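All values below were derived from every heavy atom in this structure, side-chain atoms included, with hydrogens, water molecules and symmetry-related copies excluded. Counting from 1, the numbers follow the sequence of the chain as shown. None of these values were measured; they are calculated from a predicted model.
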Amino acid sequence: MTTMSSPLSAALQRRLDRHEGILRDRLHRLYGHLPGHDAWYADLMADVERLMAARPSALQALDRTREENPDWFCAPTMLGYSAYVDRFGGDLAGVAARIPHLRDLGVTYLHLLPFLKPRAGESDGGFAVASFDEVDPRFGTMDDLEDLAAQLRAAGISLCSDLILNHVADDHPWAAGARAGDERLRGFFHVLPGREEADAYERTLGQVFPEAAPGNFTFNARMGGWVWTTFYPFQWDLNYANPALFAAVAAAMLRLANRGIDVFRLDSTAFLWKRLGTDCMNQPEAHMILQALRAIVGIAAPGVLLKAEAIVPTRELPAYLGTADAPECHLAYHSTLMTAGWAALAEQDASLVRAVAGATPALPAGASWLTYVRCHDDIGWKHLLPEAGRIDRLAAIADFYNGARGFADGVAFQGGLATNGTAASLCGVQHGDVDAAIRRVLLLHALALAFGGLPMLYMGDEIGMVNDHGYLLDPARAHDSRWVQRAAFPAGGVAADSPGGRIYDGLRRLVALRGRLPDLAAGAPCTVLETSDPALLALARGTRFLGLFNFSQRDVAADGWVLRPWDCVWLDRETGERLH
């Protein structure tokens, strides 16, 4: 156990006793072979102590409350909402003005997509961060951020921020210092001296954006070599084999936590460790890094949650939650469930949802999936390949949503094996049978609400916002069709009898009902039951809940109920009565 210089309360000492063993072990396994490890570790813990002592008293009180109820985020009353600051409220003060809307909907968790200072010029929607300690000037200041966090806390809403772990912008001070010749900062990045070394890695690497940003390395003359740039040339991958880099990222995280951030969405977690001869994804060391960050949060800010953004096949998801003995992130996106739900609509067959649900293990204690229907990003069909078995099957689903046939109004992405679009547009609210489209939207959200986890709504889906093709007129965005689902939230809301108003009313009813059902808490057992119709999904939760979901355009009979096309029903298994 580390002995800190300042007096510690019994509660803080218990945190050290609980978390420091894992922290020391993981960091020793990552960096113990390097000279000066013990001195580096002592400096790290001194920084943790300093930042812990600087934590505001209101946040320390919240830490204590959440320590007493560590499963607070697993309750069925939890509901997430994801939005862009400028699209949702204009700036941070404008987001605060939207709190009544969030409260009316039942939101308890707000994920604001990147709002820290971005790279000048193109910034991948803010994911190319130029400073961890400054807000994008368009949105306000750090004081404005603290004010918003306090207002959200008072309204019972936790604030989530992205913490982009894999890379920083090429104009971040770390990158600027490296270009200027600072050898310490150069060590924060992967720089290969020749194209031959880069090609040796490329042989086994995939490509995230093969059309917009092919390859994984960018030559930089001032760096004298090839900089690793997995996503875009202006996003420089960070070198977690360097302990100084780890310490710098951990400190940045705790500084933001002290500003009032309750949850960190850890972006691109699968990419953190590089190993020649592999795809450099999901490496064991990436999990050690996340476990170490979890331990640091447990010591310095235990009211804070970590959420893994790891868009990987189902079999690789559980590792990001860790185990009881080695906890990792509190939350992880269940991306394959989201994708399988859309696939079921296209095929009018729930088999892929059943396969994904059947492959999903029980949650470890103190962890939850994050379930969702849409987000700011694309739907990547290839992650369903283990369940689908054939790429041509996924290609047919992609064609369906990319406008080849059927009701969907989606936009192709990444060569066609990915799709963009809002939930309402992908469900066909602009074409044909509006009633059926509304039922599809509610069906998918009912699955996300019932499956088991913390459900997340994406900005505008609750009011049926449709695709915005205006991005094509903006040269800075026209190359990236993800902007089609990033329209500005309307200032005046929607009429109650409009498609958007009907979607909003249906979602509010489902959210309110979910909050009254203990069986829909994150940790309650989840079982997929056998059905006689391939279009029907039967999902049992806890001791009494049964959800029936009809993924087809025809009536389906089950348990004495006849489900209309694209309809769902939540039942009490003991009485057979409908819950809504």
Side-chain angles (χ1 to χ4, degrees), residues 82 335 337-350 352-353 371-381 384 396-413 418-451 455-469 481-482 484-487 489-490 494 497-511 535-537 547 549-556 563-569:
S82 177
S335 57
L337 178 72
M338 177 274 295
T339 310
W342 288 106
L345 282 187
E347 295 187 320
Q348 299 192 44
D349 184 326
L352 287 177
V353 180
T371 57
Y372 62 112
V373 172
R374 284 300 292 118
C375 68
H376 70 286
D377 221 336
D378 60 289
I379 303 174
W381 304 107
L384 272 182
I397 294 168
D399 286 345
F400 180 93
Y401 284 107
N402 294 339
R405 55 190 173 85
F407 54 74
D409 183 24
V411 180
F413 190 58
T419 299
N420 288 314
T422 68
S425 288
L426 293 177
C427 286
V429 78
Q430 296 163 278
H431 303 291
D433 189 341
V434 173
D435 289 344
I438 291 171
R439 288 199 298 274
R440 293 182 198 112
V441 172
L442 295 177
L443 172 69
L444 291 176
H445 283 91
L447 175 61
L449 288 163
F451 182 80
M456 174 80 76
L457 304 178
Y458 177 62
M459 176 193 70
D461 280 350
E462 80 276 18
I463 57 170
M465 284 176 57
V466 297
N467 289 348
D468 177 13
H469 296 278
S481 67
R482 291 175 298 175
V484 80
Q485 63 239 12
R486 300 173 182 173
F489 195 86
V494 293
D497 60 351
S498 68
R502 291 166 61 192
I503 289 170
Y504 185 78
D505 182 64
L507 273 175
R508 281 183 72 242
R509 291 173 185 270
L510 285 169
V511 169
L536 182 66
L537 174 70
F549 305 82
N550 177 12
F551 284 93
S552 76
Q553 62 186 358
R554 53 185 172 78
D555 290 347
V556 170
L563 278 72
R564 293 182 301 165
W566 322 109
D567 205 358
C568 72
V569 61

query = Distance-only, no hydrogens or angles: does the S481 side chain make a donor-acceptor pair with backbone N or O of F413 under 3.5 Å?
reply = no

query = M338 versus T371: any side-chain heavy-atom pair under 4.5 Å?
reply = no

query = How long is the gap from CG on D567 to CG on D555, to the nearest 0.5 Å?
reply = 9.5 Å

message = Determine whether a donor-acceptor pair (N or O, by modelled atom type, separation under 3.5 Å) exists between the side chain of N467 and the backbone of D409.
response = yes

query = Hey, are the side chains of E462 and I503 touching, using non-hydrogen atoms and a 4.5 Å cut-off?
reply = no

ask   = Is there a donor-acceptor pair closer than 3.5 Å between any side-chain N or O of R374 and the backbone N or O of G421?
value = yes

ask   = Between R439 and D435, is there a side-chain N and carboxylate O pair less than 4.0 Å apart?
value = no

query = Is there a side-chain contact between H376 and R486, using heavy atoms and a 4.5 Å cut-off?
reply = yes

message = Using modelled atom types and a 3.5 Å cut-off, is there a donor and acceptor pairing between side-chain atoms of Q430 and backbone atoms of G428?
response = no

query = Quick one: does C427's side chain get under 4.5 Å of L444's, heavy atoms only?
reply = yes

request  = Could you please spell out the steps behind the side-chain contact (heavy atoms from CB on, under 4.5 Å) verdict for L426 and L345?
outcome  = CA-CA 10 Å; L426 293 177; L345 282 187; over 6 Å; no

ask   = Shortest non-hydrogen contact from V429 to V434?
value = O-CG2, 3.8 Å

inquiry  = So if I apply the side-chain contact (heavy atoms from CB on, under 4.5 Å) rule between P455 and each of L449, V511, L510, which one comes out positive?
reply    = L449

remark   = In terms of heavy-atom contacts, V494 and S498 come closest through CB-OG, 3.9 Å

query = So, does D461 use its side chain to make a donor-acceptor pair with the main chain of L457 at under 3.5 Å?
reply = no

request  = Could you check if a side-chain atom of E347 sits within less than 4.5 angstrom of a side-chain atom of I397, using non-hydrogen atoms only?
outcome  = yes

remark   = Partner of F551 under side-chain contact (heavy atoms from CB on, under 4.5 Å), picked from L536, L352, L447, L563, is L447

query = Which heavy atom in Y458 sits nearest to a heavy atom in Q485, and how many Å separate them?
reply = OH-O, 2.8 Å

query = Counting only N and O atoms by type, is there a donor-acceptor contact under 3.5 Å from the side chain of Q348 to the main-chain atoms of Q553?
reply = yes

query = Do you know the tightest heavy-atom contact between T339 and G380?
reply = CG2-O, 4.0 Å

ask   = Where the side chain of Y401 meets the backbone of W342, is there a donor-acceptor pair that is under 3.5 Å apart?
value = yes

Nearest non-hydrogen partners of F400 and A346, listed with the distance = CD2-CB, 3.6 Å

task = Could you tell me how the ring of F407 sits relative to the ring of W566: parallel (under 30°), tilted (30 to 60°) or perpendicular (over 60°)?
result = perpendicular

Beyond-backbone contact of P490 with I463, side-chain heavy atoms, under 4.5 angstrom = yes

inquiry  = Just verifying a value: how many Å separate L537 CG and N550 CG, rounded to the nearest 0.5 Å?
reply    = 10.5 Å

request  = For residues A344 and V353, report the shortest heavy-atom separation together with the two atoms involved.
outcome  = CB-CG2, 3.8 Å

